[in-house]
Amino acid sequence: MKNKYRILKIAITVILLGFLLSFSLKKFSGQKITDEKISVKMNEKTPVYFIDEKDIKQIVIKENPSGKVGDLNIPELEKKINALPAVDSANVYLNLNGKLNLEIKQRVPVFRLNYNEKDFYVDEKGTEFPISRTYSHPCMLVTGDVKKDEYEKLAELVDKIDKDDFSKKYFIGISKYKDSYNLLTSEGNYKVEIGDLDNIELKVKGFKTFVEKYLVYQDPQKYNMVSVKYQNQIVTTLNPYFKDNDSILKAGHKDLAKTPVAAAPVKKAEVNLKPTVKKASSVSSKPKVSTKPKAVVKPKEKKKTPEKKPAAKPKTKAKVKIE
């Protein structure tokens with residue numbers, strides 16, 4: 001029984017509301033919608049000004065040339081406003097007193113993407129929308145060939161940078177070269193290479209440690225790149241145009257020039273160990289008579305002494321890593 005009474009009360013309430021609405025529409029259908037009877041509310045946390053109240057009122061007038069309440073097509077008007085690129089959502093309704101209310105939520109850019117002479121904004125949902133001629137929203141500038149499926153991860157990275165005081169101070173832009181992302185810094189001319197968009201918190205934490213324990217004691221112009229894309233290590237690249245790096249770079253080039261040289265092969269001198277025998281002269285002579293037998297003396301052979309080879313230089317591999 002209780003359920004029946006509840007259903008009955010709800011039905012009566014709906015009927016009464018419908019009756020009041022139809023009565024109010026008939027009452028105000030002949031009235032014109034003036035500027036005072038149009039209420040526009042922008043419902044975004046971050047104030048943006050891609051469209052303003054004046055723009056919305058112009059759309060209302062265009063969609064309802066007669067200006068009468070009875071001729072207003074609310075669903076069509078709501079559809080037109082939602083079709084605006086900078087609008088995330090719109091809600092249009094008419095009060096019982098004949099006042100037109102428009103609640104509009106604009107898209108808030110997370111970053112601005114520039115690639116191939118194209119320039120547009122991307123919001124937190126990864127939705128693209130064009131820049132405005134009258135308003136420029138301050139946000140992170142991103143350059144390079146960023147794919148659409150990377151928009152949301154990139155938006156998360158920018159959001160983490162904006163919420164962290166350290167990151168917000170250092171990073172002023174993001175660039176993509178091939179498949180690797182680089183964070184552009186406000187100090188010096190170096191960039192921070194992070195690789196892909198995974199493990200962002202760990203990579204930013206590694207750079208923060210490098211800055212606090214090492215970089216604060218040096219001139220930031222010394223480096224051209226600081227890479228944190230490798231796990232548990234930081235790789236730095238020196239700036240070749242920084243004067244203090246000249247001695248380091250020259251020493252590295254000298255070490256690279258010291259490469260082992262192969263020794264030239266030495267030809268062995270041929271030594272003939274056989275004695276040369278002179279032929280007997282043609283003058284004959286009488287042999288002397290001797291009672292003692294003649295001793296045959298063999299020529300002494302020269303001992304073969306191996307020729308000393310020149311001492312070869314020890315081979316040393318020069319491994320110099322200049323970064």
Strictly below 4.0 Å, N to O, side chains only: are [X] and [Y] in salt-bridge contact?
{"X": "D159", "Y": "K163", "result": "yes"}
{"X": "D145", "Y": "K178", "result": "no"}
{"X": "R112", "Y": "D119", "result": "yes"}
{"X": "K37", "Y": "D35", "result": "no"}

Hey, could you give me the [atom1]/[atom2] distance between [X] and [Y], rounded to the nearest 0.5 Å?
{"X": "L100", "Y": "N95", "atom1": "CG", "atom2": "CG", "answer": "9.0 Å"}
{"X": "N182", "Y": "E193", "atom1": "CG", "atom2": "CD", "answer": "5.5 Å"}
{"X": "I161", "Y": "K169", "atom1": "CD1", "atom2": "NZ", "answer": "15.5 Å"}
{"X": "L154", "Y": "D149", "atom1": "CG", "atom2": "CG", "answer": "11.5 Å"}

Does any N or O in the side chain of [X] come within less than 3.5 Å of the main-chain N or O of [Y], such that one atom is a donor and the other an acceptor?
{"X": "D123", "Y": "G126", "value": "yes"}
{"X": "K203", "Y": "D196", "value": "yes"}
{"X": "D179", "Y": "Y177", "value": "no"}
{"X": "N199", "Y": "L202", "value": "no"}
{"X": "N116", "Y": "K118", "value": "no"}
{"X": "Y121", "Y": "R107", "value": "no"}
{"X": "Q106", "Y": "V48", "value": "yes"}
{"X": "T143", "Y": "Y115", "value": "no"}

- Item | T237/N224 under side chain to side chain donor-acceptor pair (under 3.5 Å): CA gap, chis, key distance, verdict | CA-CA 5 Å; T237 305; N224 194 29; over 6 Å; no

- Item | Side chain to side chain, N101 and L94, heavy atoms closer than 4.5 Å | no

Is it true that [Y] and [X] share a donor-acceptor pair across their side chains at a distance under 3.5 Å?
{"X": "E150", "Y": "Y181", "answer": "yes"}
{"X": "Y190", "Y": "Q221", "answer": "no"}
{"X": "D71", "Y": "S66", "answer": "yes"}

- Message: Please enumerate all residues that pass salt bridge (Lys or Arg N to Asp or Glu O under 4.0 Å) together with K54, with sequence neighbours excluded.
- Response: none

- Query: Are E103 and Y93 close enough, and set up right, to give a side chain to side chain donor-acceptor pair (under 3.5 Å), and what steps lead you there?
  - Reply: CA-CA 9 Å; E103 296 178 353; Y93 59 93; 3.3 Å; yes

- Among N91, I59, I56, which residue meets the side chain to side chain contact (heavy atoms under 4.5 Å, CB included) test with L102? I56

- Task: Test I194 against every option in I174, V204, I200 by the side chain to side chain contact (heavy atoms under 4.5 Å, CB included) rule and name the one that passes.
- Result: I200

- Item | Near-ring test Y223/F242, centroid separation under 6.0 angstrom | no

- How are the rings of F171 and F207 set to each other: parallel, tilted or perpendicular (split at 30° and 60°)? tilted

- Task: Can you establish whether the number of heavy atoms outside K176 located under 6.0 Å from its atom NZ is more than 12?
- Result: yes

- Item | Same cluster (ILVMFWY, side-chain, under 4.5 Å), I81 and V108 | no

- Item | For M42 against I51, the heavy-atom pair lying closest together | CE-O, 3.8 Å

- Query: Can you name the nearest heavy-atom pair linking V92 to E78, along with the distance?
  - Reply: N-OE1, 2.8 Å

- Message: For E128, give me all partners under side chain to side chain contact (heavy atoms under 4.5 Å, CB included), at least two apart in sequence or on another chain.
- Response: F120, V122, K148, Y151

